[in-house]
There are 2 protein chains.
Amino acid sequence: MNKKQNNIKSIKYRQIIETGTKLFIRHGIKRITVEEICEEAGVSKMTFYKFFANKLELVKQIVTGMMDEGFKFVDNIMAQDIPYEEKVRQNIKHKIEGIRKYGDLFFEEFLRIPELQPYIAEMNSNAVKKIIEIFNTGKAEGAIREDITPEFYQYLLGHLSIMGNDDNLKKVFPDMGHRIETLIDVLFHGVFKTPSN
Amino acid sequence: MNKKQNNIKSIKYRQIIETGTKLFIRHGIKRITVEEICEEAGVSKMTFYKFFANKLELVKQIVTGMMDEGFKFVDNIMAQDIPYEEKVRQNIKHKIEGIRKYGDLFFEEFLRIPELQPYIAEMNSNAVKKIIEIFNTGKAEGAIREDITPEFYQYLLGHLSIMGNDDNLKKVFPDMGHRIETLIDVLFHGVFKTPSN
DNA sequence: CTATAATTAAACAAAATAAGTATAATTTTA
DNA sequence: TAAAATTATACTTATTTTGTTTAATTATAG
């Protein structure tokens, strides 16, 4: 009746997650085999299959972990006593840094896996909910212009992300921090109620 | 009787070589499939197998091409009218740059492929021959100290290569050019007959 | 110390992927 | 426009990967 397996976040589990993440980032998902992850993580195949039904379940849990971390970060920022605009800026920068850190290879392959489409849709929905939540906070605080709709806000955020990772823009602003700041300044100039408008 | 296939270095052939090299450098040899190379190179599988019996034959031809290019470079340098010591310096720098450019992944995997061991041994033997040839030129020109043996010369070169790619040394001398210059200065100080000795 | 849970190692069948070939059709090129 | 080069497709065979089963080993809590 001793239930040690309740150490759900056991050391082996974390080793698999970390190694999987590392290998997926470097080589993409399809190139990496379960056995490879096990060897690199110093874990037997049986242990892997104890925690994950298959490779795609591992992928899901990695992404879920990333999302959770992201939500936690957002919540921390939103609880701070700083201007709303500053909160949004920090959130955006954190998100884009995350995308950069994990690289395109992993995300782009992840998004195209047919079996994962329902999961991806749900993650997306969660993300949108969070964005709307932030948006509503801004509205409530009177920090966002009245005529900006949530849809347009989302649209701006999406394009900010695309532009922030654009290779041409990287040539113009090589430093990521500066690039993102500039993009926020330009794209969100008319969104926030600052002294200037 | 028209023999177009005598375009041995045809455009398709070069595309396969280039794409294969690129993919092997990024992901190593074992992870890359023949079909993947074909797709990326815009070439059908049949064309691939016209030029190469299999993936390892492609690997061989890539390495042979690299070696040939290296030998050509050495011959050019040696034909120039510059001090012997300067020739050796340029050759060493070129070789180490080559190793860096192709990265560890490709070379390390390449060197461990069992089926390629005879080929590797031959390439090695050719390389050693070339080194000895250069050494003998130096001896003939009186540019190398009398008591330096070819074996010791080779030993020094080998360790120069190892040290030039050492991560710890990279922290001390981040710039590769400076690092190699310094190593040559120190390790070969007693090899060349310079005004100072 | 000892029972129990956790992990491993090895062997294995089934599934999936990759290799390599044969054929006919299409495209290039001279 | 005819020969050569290339492709597309379909296919068989080989190899790799998956996921499971089993028994043995290791770690741990009481």
Side-chain angles (χ1 to χ4, degrees), chain A residues 1-20 22-24 26-62 105 109-110 112-117, chain B residues 1-24 26-62 105-106 109-110 112-116 119:
Chain A
M1 222 69 68
N2 292 357
K3 30 187 161 159
K4 274 229 283 289
Q5 84 276 53
N6 259 5
N7 286 335
I8 277 186
K9 304 298 167 205
S10 77
I11 196 164
K12 299 275 175 189
Y13 176 91
R14 268 178 289 116
Q15 276 169 333
I16 296 170
I17 291 276
E18 276 164 31
T19 309
K22 191 185 79 183
L23 292 175
F24 291 152
R26 184 163 309 153
H27 295 294
I29 297 165
K30 66 174 186 299
R31 283 186 218 280
I32 300 299
T33 69
V34 170
E35 280 196 326
E36 214 173 338
I37 295 167
C38 293
E39 276 170 39
E40 183 86 7
V43 154
S44 80
K45 223 186 346 172
M46 286 312 299
T47 304
F48 179 95
Y49 282 109
K50 198 186 101 190
F51 289 121
F52 310 95
N54 50 48
K55 192 168 74 177
L56 291 187
E57 280 304 316
L58 169 60
V59 171
K60 277 195 205 173
Q61 298 205 30
I62 287 171
L105 210 68
E109 207 186 326
F110 163 73
R112 285 173 205 285
I113 295 171
E115 299 92 321
L116 256 40
Q117 292 311 313
Chain B
M1 222 70 70
N2 292 358
K3 30 190 161 155
K4 274 230 281 296
Q5 82 278 52
N6 259 5
N7 287 335
I8 278 188
K9 304 298 166 204
S10 78
I11 196 164
K12 298 277 172 187
Y13 176 90
R14 267 179 289 118
Q15 276 168 332
I16 296 171
I17 292 276
E18 276 165 30
T19 309
T21 306
K22 191 184 79 185
L23 293 175
F24 291 152
R26 183 163 308 153
H27 295 293
I29 297 165
K30 67 174 185 297
R31 283 186 217 280
I32 299 299
T33 70
V34 169
E35 279 195 327
E36 215 172 338
I37 295 168
C38 293
E39 275 169 41
E40 183 86 7
V43 154
S44 80
K45 224 185 346 173
M46 287 310 300
T47 304
F48 179 96
Y49 283 108
K50 198 186 102 188
F51 287 122
F52 310 96
N54 51 48
K55 192 167 74 176
L56 290 188
E57 279 305 317
L58 169 59
V59 171
K60 276 194 206 174
Q61 297 205 30
I62 288 171
L105 210 68
F106 177 61
E109 207 186 325
F110 163 73
R112 286 176 205 285
I113 295 171
E115 298 94 320
L116 258 39
Y119 169 80

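Chain A is the first sequence line, chain B the second, and so forth, proteins listed ahead of strands; every chain is numbered from 1.
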Starting at atom [atom1] of [X], determine the distance to atom [atom2] of [N], rounded to an integer number of angstrom.
X     : N      : atom1 : atom2 : answer
B:F52 : C:dA19 : CZ    : P     : 15 Å
A:K30 : D:dT17 : NZ    : C1'   : 16 Å
B:E36 : C:dT17 : CD    : C1'   : 12 Å
B:N54 : D:dT13 : CG    : C1'   : 16 Å
A:Y13 : C:dA5  : OH    : P     : 23 Å
B:F48 : C:dA18 : CZ    : P     : 14 Å
B:E35 : D:dT15 : CD    : C1'   : 14 Å
B:K55 : D:dT16 : NZ    : C1'   : 12 Å

Which listed nucleotide ([options]) is nearest to the side chain of [X]?
X     : options               : result
A:Y49 : C:dG20, C:dT7, D:dT18 : D:dT18
A:M46 : D:dT7, C:dG20, D:dT20 : D:dT20
B:K45 : D:dA5, C:dG20, D:dT20 : C:dG20

Within the pair [X] and [N], is there a side-chain N or O less than 4.0 Å away from OP1 or OP2?
X     : N      : value
B:T33 : C:dT17 : no
A:K50 : C:dT7  : yes
B:T47 : D:dA5  : no

Do the side chain of A:K55 and the main chain of A:I32 share a donor and acceptor less than 3.5 angstrom apart?
yes
Which label fits B:F24 and B:F106: parallel for a plane angle under 30°, tilted from 30 to 60°, or perpendicular past 60°?
parallel
Anything under 30° is parallel, anything over 60° is perpendicular, the rest tilted; go ahead and classify A:Y13 against A:F52.
parallel
The single option from A:L58, A:L23, A:I113 that satisfies side chain to side chain contact (heavy atoms under 4.5 Å, CB included) with A:I29 is A:I113
Show, in sequence, the C-alpha distance, side-chain angles and deciding distance for B:R31 and A:E36, and conclude whether the salt bridge (charged side-chain N to carboxylate O under 4.0 Å, His left out) test is met.
CA-CA 12 Å; B:R31 283 186 217 280; A:E36 214 173 338; 2.6 Å; yes
